[in-house]
Amino acid sequence: MNIETAKRLETVEEYYFSSKLREVRGLVAAGKPVLNMAIGSPDLDPPKTVVQAIQDAVTVNGAHKYQSYQGLPELREAISEFYSKKYQVSLNPENEILPLMGSKEGIMHISLAYLNEGDEVLVPNPGYPTYTSVTNLVGATPVFYDLIENNGWEPDFHSLSKMDLSKVKIMWVNYPNMPTGASGSVKLYEKMIDFAKKHSILLVKDNPYSFILNDSPISILSIKGAKEVALELNSLSKTFNMAGWRVGMVSGSADKIEAILKVKSNMDSGMFQGIQRGAIAALRISDDWYDKMNAIYKERRVLIWQLASLLGCSYDQTAKGMFVWAKLPKGIDAIEFIDNILYKNDVFIAPGDIFGSNGKGYIRFSLCVSKENIKEAIKRLQVTA
C-alpha cells in the first residue's frame, strides 16, 4: 500500500550535508581516507568542568523526570548573567529567555509562532539553508535578499525598501555571518532595527559564532529599541564545543517569548536536567576558555589560508567565525571543483552553491579540523596543484 506523504515535503530537499555525508561515509567504508573539511562540527572537547557537571547531575534525585518547558530557573539566570557580562544586555530570566534544544529548533518554533500560509520571509542569499526549508515547510514564501562581497556581505536596505514588503513577517539575519564571515556592527544593527520598525517586520538575529575569532561580540538586543522588533537566537554548540548536546536559547521581549513557548511546549517535554547543569557550568566559565579556543582556531586558520591559496582562491583575512569563505578563480564551478577534489584527493570541502545563488564561485572550509589533517590536505593537493 502506498501512503502519500504531505505536500509540504515537496517544498524541501534532504539537507545537503545529510545526503553528502552519506556519500562521504560510503567512500570511507570503501577504504578512502577522506578528510572532512566541510562541516562545522567542533572536534575539540567541551570544558572539563562542563562534562563533570553533567556527570554529577546524573545521580541527583529527580534528574530523570520530565523537566520544565522553560528550563531550570538556574539556567535562565545563567543565560541572563552571560548576556549581561558578554553583551551588556539586560534580560529578565523569568520571561525574556527561553532555553532551546539547539538554536536550530528555534527557527522552526519562531516560524510556527509567527507565520501563516502565504506570509513572506526575508532570507539572506547566501545564508543558512534551514531558514529557507523551514519557511517552506510552514507554508510561507521565502523572499531572498542579496548579500554580495562588494557590499561587505551586508543587506542593501535602500533596495529592500523599494520592494513590496506588505506580506513580509520575518527577516532572518546572521552575524558573524555564516558562510561569509562578515562581522556585523552596531551601525548595521541600527539600520536593521530602523528597517524592521518602519515595515513592521520581526527581525531574528542568529548569533552562534559570536565568540569565535571575534574580539567584539555584539547582541542585536544591545541596540536601543531592539526588543520592540527583534529576537536573538544563540547557541552553546560552537562556543563551548557542545554541538551534540543541543543547547541554545532565544531571547527577546516577554510577549514574543510567550508566543514561542506556546509552540515549544507542544513539541517537547523539556531538556534533560544533566545537560542543563552542564550548560550552566559552560555559561559561567572564565575568559581563559575563549582565549584558549581562539588560539587553536587562529593556528588552524593560517593553514587553511595556505590551503586556499594553493587552490588559487582569494579570501578575507578580517572575517570572523569558524569558517573560511574563499572565492575560486573566475569561471570555475564550485560543485564540480569540490567533487573532483573529493574523488581525486580524498578531501571534502563545501561548495558555496548550497548557501544560495550568491555563493556560486565560492567554497567554504571549516576550522573544525586538526592542524595535522589540514597539513595532510595541503600535502595531497600540492601533488595535483
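These numbers come from a predicted model, not from an experiment. The figures here come from the full heavy-atom set of this structure, side chains too, leaving out hydrogens, waters and symmetry mates.
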For residues 248-260, tabulate all N or O donor-acceptor pairs below 3.5 Å that involve a side-chain atom, not counting sequence neighbours.
{"unit_1": "Ser253", "atom_1": "OG", "unit_2": "Asp255", "atom_2": "OD1", "d": "2.5"}
{"unit_1": "Ser253", "atom_1": "OG", "unit_2": "Lys256", "atom_2": "NZ", "d": "3.0"}
{"unit_1": "Lys256", "atom_1": "NZ", "unit_2": "Lys227", "atom_2": "O", "d": "2.9"}
{"unit_1": "Lys256", "atom_1": "NZ", "unit_2": "Glu228", "atom_2": "O", "d": "3.0"}

Contact check, side chains of Pro179 and Pro126, non-hydrogen atoms, under 4.5 Å: yes

Got a sec, which residues hit ring pair (Phe, Tyr, Trp, His ring centres under 6.0 Å) with Tyr343, two or more places apart in sequence or on another chain? none

Taking the side chain as everything from C-beta on, heavy atoms only, tell me whether Glu94 gets closer than 4.5 Å to Pro73. no

Do the ring centers of Tyr175 and Tyr128 come within less than 6.0 Å of each other? no

Across all chains, not counting sequence neighbours, the salt bridge (charged side-chain N to carboxylate O under 4.0 Å, His left out) partners of Asp346 are none

Pairing of Asp119 and Lys167 as salt bridge, 4.0 angstrom limit: no

Run the ring-centre check on Tyr209 versus Tyr297 and record whether the distance is less than 6.0 Å. no

ring-ring contact (aromatic ring centres under 6.0 Å, His included) contacts touching residues 246-274 (sequence neighbours left out): His64-Phe272

Under a 4.0 Å threshold between the charged nitrogen and the carboxylate oxygen, would Arg300 count as salt-bridged to Asp43? yes

Examine the side chains of Asp194 and Tyr189 and answer whether a donor and an acceptor come within less than 3.5 Å of each other. no

Taking the side chain as everything from C-beta on, heavy atoms only, tell me whether Ile107 gets closer than 4.5 Å to Tyr131. yes

Among residues at least two apart in sequence or on other chains, which ones pass ring pair (Phe, Tyr, Trp, His ring centres under 6.0 Å) with Tyr362? Trp153, Trp325

salt_bridge(Lys85, Glu81) N-O dist < 4.0 Å: no

Under the rule for ring pair (Phe, Tyr, Trp, His ring centres under 6.0 Å), what residues qualify as partners of Trp245, not counting sequence neighbours? none

